Amino acid sequence: MFKILLIDRCHFTRTGFEAWLNHSGLFPGSYVVTGLNNLFLAREHILQWKPTLVIADLHGFKQDIHHFQQLSSLLKACETLPFILLQSGEEPEMVNYLEQFPVWSCLLKNAELEQLATVINDALTSCASIEIPQIAAPLLTRQEEKVLTLWMDGASNQKIASHLSINGKTVYTYKRNIRMKLHMDTRFSPFLSLQEVEN
């Protein structure tokens, strides 16, 4: 089973990609796909979850990236992994910056799905020499992902509890488990930029 990390601001891209990957019949084998919309959490997933492949559209993060060097810790974390960059905008500066890192492939986000499938299959085939675990589980459970999404949207514990129909104390427990799994130092870690975390 392959573990694929998708980094994209767009919720619909993340959920659509996961459904396409698991149900299109274009890929042999099974996949666990985790989609994230936060560069700090993506870096932690790469370090802790150790995905087989990383696919990212960094265009949506441009407003969060004050300096291209903030990307370096994310990209250094996935130096040994196939990294597919999806471009949704004209970004010659970004492409030039990424040339110093090992990017497996760079495609336009509106590329044909068959072309994307070929690139993904080639990247996964390159990992064939690496021993692939038989069972792969996501780093966070679905419920933890829901809590994290609401938490990062600024929802209070009571609002999260109400939205997910769970107890307020359960929300606290989920947040604690998320912080432990992602090695967050404080409850503010998901809201910090990569630069703030590194300092």
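In this text, all values refer to a predicted model and were calculated from it rather than measured experimentally. Computed from heavy atoms alone, side chains included, the values below leave out hydrogens, waters and symmetry copies.
Listed by chain and number, the residues in a side-chain hydrogen bond (donor to acceptor under 3.5 Å, both in side chains) with Gln48 are His183 (sequence neighbours excluded).
Hydrophobic clustering (ILVMFWY, side-chain heavy atoms < 4.5 Å, transitive): Leu113 and Val33 are in one cluster. No single ILVMFWY cluster, assembled from side-chain heavy atoms under 4.5 Å apart, contains both Tyr172 and Val147. Tracing side-chain contacts under 4.5 Å through hydrophobic residues (I, L, V, M, F, W, Y), one never reaches Leu47 starting from Val54; they form parts of separate clusters.
Remark: Phe17 CZ to Asp57 CG distance equals 12.0 Å, nearest 0.5 Å. For the atom pair Thr149 OG1 and His11 NE2, the distance stands at 8.5 Å (nearest 0.5 Å). With values rounded to the nearest 0.5 angstrom, Thr34 atom OG1 is found 11.5 Å from Leu41 atom CG. Taking CD of Glu114 as the reference point, atom CG of Asn121 lies at 12.0 Å (rounded to 0.5 Å). Residue Arg179 holds its CZ atom at 8.5 Å from CZ of Arg176, rounded to the nearest 0.5 Å. To the nearest 0.5 angstrom, Leu140 atom CG is 11.0 Å from Glu44 atom CD.
Looking at heavy atoms from C-beta onward, Ile120 lies out of side-chain contact with Phe2 at the 4.5 angstrom threshold. Looking only at side-chain heavy atoms (C-beta outward), Leu164 and Val171 stay at 4.5 Å or farther from each other. Between Asn38 and Leu148 the shortest side-chain heavy-atom distance does not fall below 4.5 Å.
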Could you list the donor-acceptor pairs under 3.5 angstrom formed between side-chain atoms of residues 154-162 and any protein atom two or more places apart in sequence or on another chain?
residue, atom, partner, partner atom, Å
Ser156, OG, Lys159, N, 3.1
Asn157, OD1, Lys175, NZ, 2.5

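Smallest separation of non-hydrogen atoms from Thr141 and Glu144: N-OE1, 2.9 Å. Heavy-atom minimum distance, Cys106 versus Gln87: SG-OE1, 3.0 Å. Closest non-hydrogen pair, Ile4 versus Leu124, comes out as CD1-CD1, 4.5 Å. Taking all atoms of both residues into account, the shortest heavy-atom contact from Pro51 to Leu81 is O-CD2, 3.1 Å. In terms of heavy-atom proximity, Trp104 sits nearest to Val119 at NE1-O, 3.8 Å. Here the closest non-hydrogen pair linking Pro82 and Leu53 is O-CD1, 3.3 Å.
The aromatic rings of His45 and Trp49 stand perpendicular to each other, their planes meeting at an angle above 60°, with 30° marking the opposite boundary.
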key: Verdict with reasoning, Phe83 to Ile46, per side-chain contact (heavy atoms from CB on, under 4.5 Å)   = CA-CA 11 Å; Phe83 181 84; Ile46 291 165; over 6 Å; no
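The environment of Lys109 atom NZ is dense: over 12 non-hydrogen atoms of other residues, nucleotides or ligands sit within 6.0 angstrom.
Side-chain atoms of Arg14 do not come within 3.5 Å of backbone N or O of Leu6 as any donor-acceptor pair.
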